**Q** 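Let me begin by handing over the structure; questions about it come next.
Here the structure is a predicted model, which is why all the values come from computation and not from measurement. Order of the sequence lines fixes the chain letters, A, B, ..., with proteins taken first and strands second; residue numbering starts at 1 for each chain.
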Protein chains: 2
Amino acid sequence: MLYAVFMSSAPPPFPKPQEPLEPPELIEVGPALSEPCLRADAARNRARLLEAAARLIAEHGVAGVTMEAVAAAARVGKGTVFRRFGDRTGLLMALLDHSDKQLQADFMGGPPPLGPGAPPLDRLRAFGVAVLYRSAERLDLLLAAQPDPDRRFSHPAVAALRTHVVMLLRQIVPDGDCELLARTLLASLDPALIHHLTRQCGMPLERLEAGWTDLVARVTGTDAPAADSTHRG
Amino acid sequence: MLYAVFMSSAPPPFPKPQEPLEPPELIEVGPALSEPCLRADAARNRARLLEAAARLIAEHGVAGVTMEAVAAAARVGKGTVFRRFGDRTGLLMALLDHSDKQLQADFMGGPPPLGPGAPPLDRLRAFGVAVLYRSAERLDLLLAAQPDPDRRFSHPAVAALRTHVVMLLRQIVPDGDCELLARTLLASLDPALIHHLTRQCGMPLERLEAGWTDLVARVTGTDAPAADSTHRG
DNA sequence: ACCCTAAGCGGACCGTGGTCCAGTTTTCTT
DNA sequence: AAGAAAACTGGACCACGGTCCGCTTAGGGT
């Protein structure tokens, strides 16, 4: 199966920061030939930067991830950080890249009910729960990495989630506006909302999980299944 | 009817910027006794600042609203702007205040189907449509004013919307998790999402309107009404 | 009318995100 | 192997959001 994905993590080459947004390229997901052949030293510096950023997060939290601090910790000039990642958001998203890919692999090729093999409805339920728990884990980073409205929904990882949900919805409610419905469903899994509900309202994740299940049932016009909490497909 | 509302637009008195978030006060909505008796000169400067900000927006768009620029345009020191509005987000939200109040008044005391008098389901439908169109109008400002995740959902205007939706939902689906459901529904009206759908995907507002109507029908388990587009109740 | 005090004021100051460009290093070509 | 083009580098530089603190002023009490 093919999915629309950007040539991930290769931001504008700096002199041209405002390119009109390259069209997404259809590539087979899996082998990460995403790296457009970085020059040897550049690749080395990239790795050092990511490692440095991760260390800074571990030590001082996301707020400690200053572009200058990262540059210094990686023994690299500040300009290099920006050239590689575009901006702070880009750096933070690169940090999330692995976990993004993992989730993607899980629902695209992993075992049911998340992966193929289970009925679409079950997959959709499992999908939401998986996103929920994964978001809760990486919440700080996800919130800090929240890009400006323009990029928020065009980020490849987000686009992949959307495509997947659209595909499932088409099988479940073929005569609905699946594009729109998918975005609505995904909006209810927004990290900022999860943050609000869990940390500000004190709702336990289980309640959100039940909420997702219920929402899916209502939206698809099916019955909610008996409550079972087999998350983390 | 009572609603939870903050003492609007009176940000921390600067020396104490990190107060632990005052508890919301229950006041009757309507007469804006919100202003805690600003000193005369302060009130005058506040007005001048808002006017200056509005002018800057008209001339250079939201991006032109720099704290320094606003201060200069209002012939006032930079510190004054921050003392009055807390931060840039606060200033921008103050600019939205009037439109917030208007919407609130409409669904709380205006004519049906938005206001009281119509069946809850009709009110809910009208509510979404009203929010949709009002958001589309002020979209730039709404996006720019997007506060950090911590304040995003505790802002009085947002809280008022939520309270209203919860109230309606309790009447329509009394045995659902209305708190959660309300937030889910509101998430689908998020300005960032509206921006994405209309400006990036090119969906017309009418489609979003239909999407809302459909969503409400699915969530409440009722039939969608015949398509009519009487928006701006 | 005067004074006293809290509120308000303003602009110097700081840290951070982001840009620029002159110089360096790598890799391709022949 | 040598030369040229492309890519990368680093740090000086800028703009903006946000803070601080000594000075000014409004306005109530006497």
**Q** Which residue pairs pass the salt bridge (charged side-chain N to carboxylate O under 4.0 Å, His left out) test with at least one member in residues 52-62 of chain B, sequence neighbours excluded?
**A** none
**Q** Enumerate the protein-to-nucleotides 26-30 of chain D contacts in which both atoms are nitrogen or oxygen and the separation is below 3.5 Å.
**A**
| unit_1 | atom_1 | unit_2 | atom_2 | d |
| --- | --- | --- | --- | --- |
| D:dG27 | OP1 | B:Ala40 | N | 3.1 |

**Q** Report yes if a side-chain nitrogen or oxygen of A:Thr80 is closer than 4.0 Å to either non-bridging phosphate oxygen (OP1 or OP2) of D:dC8; otherwise report no.
**A** no
**Q** Taking side-chain contact (heavy atoms from CB on, under 4.5 Å) as the test, write out the residues that go with B:Ser135, two or more places apart.
**A** B:Val131, B:Leu142, B:Ile194
**Q** Less than 4.0 Å between a side-chain N and a carboxylate O, is that true for A:Asp106 and A:Lys101?
**A** no
**Q** Of the options C:dG8, C:dG18, C:dA12, whose atoms approach the side-chain atoms of B:Ala42 most closely?
**A** C:dG8
**Q** Rounding to a whole Å, what distance do you find between B:Phe82:CZ and C:dC13:P?
**A** 17 Å
**Q** Any side-chain N or O of B:Asn45 under 4.0 Å from OP1/OP2 of C:dG8?
**A** no
**Q** Measure from CZ on A:Arg48 to P on D:dG10 and round the result to the nearest Å.
**A** 8 Å
**Q** Using whole Å, what does the distance between atom P of nucleotide D:dT19 and atom CE of B:Met67 come to?
**A** 10 Å
**Q** The side chain of A:Arg84 lies closest to which of these nucleotides: C:dG8, D:dT9, D:dG17?
**A** D:dT9
**Q** Expressed as a whole number of angstroms, how long is the span from A:Leu92:CG to C:dT16:P?
**A** 15 Å
**Q** To the nearest angstrom, how far is A:Leu91 atom CG from C:dT16 atom P?
**A** 15 Å
**Q** Can you tell me the distance, in whole Å, between the CG atom of B:Asp87 and the P atom of C:dG15?
**A** 20 Å
**Q** Starting from the 5' end of DNA chain D, give me the residue, B:Lys78 or A:Gly77, whose nearest nucleotide shows up first.
**A** A:Gly77
**Q** Scan the side chains in residues 178-188 of chain B for donor-acceptor partners under 3.5 Å anywhere in the protein, sequence neighbours excluded, and list what turns up.
**A**
| unit_1 | atom_1 | unit_2 | atom_2 | d |
| --- | --- | --- | --- | --- |
| B:Glu179 | OE1 | B:Arg183 | NH2 | 2.9 |
| B:Arg183 | NE | B:Glu179 | O | 3.4 |
| B:Arg183 | NH1 | A:His196 | NE2 | 2.7 |
| B:Thr184 | OG1 | B:Leu180 | O | 3.1 |
| B:Ser188 | OG | B:Leu185 | O | 2.7 |

**Q** Within this structure, what is the CZ-to-C1' distance between A:Arg75 and D:dG10, rounded to whole angstrom?
**A** 14 Å
**Q** Scan residues 65-76 of chain B for pairs that pass salt bridge (charged side-chain N to carboxylate O under 4.0 Å, His left out), counting only residues two or more places apart or in two chains.
**A** B:Glu68-B:Lys78
**Q** Measure CZ/B:Arg88 against P/C:dT16 and give the value in whole Å, please.
**A** 20 Å
**Q** If we ignore angles and hydrogens, is there a donor and acceptor under 3.5 Å between the side chains of A:Gln104 and A:Asp100?
**A** no
**Q** Hey, could you give me each pair passing salt bridge (charged side-chain N to carboxylate O under 4.0 Å, His left out) that has a residue in residues 142-151 of chain A? Not counting sequence neighbours.
**A** A:Asp87-A:Arg151, A:Asp148-A:Arg151
**Q** Output the single nucleotide from C:dT16, D:dG11, C:dG10 whose closest atom is nearest the side chain of A:Glu68.
**A** C:dT16
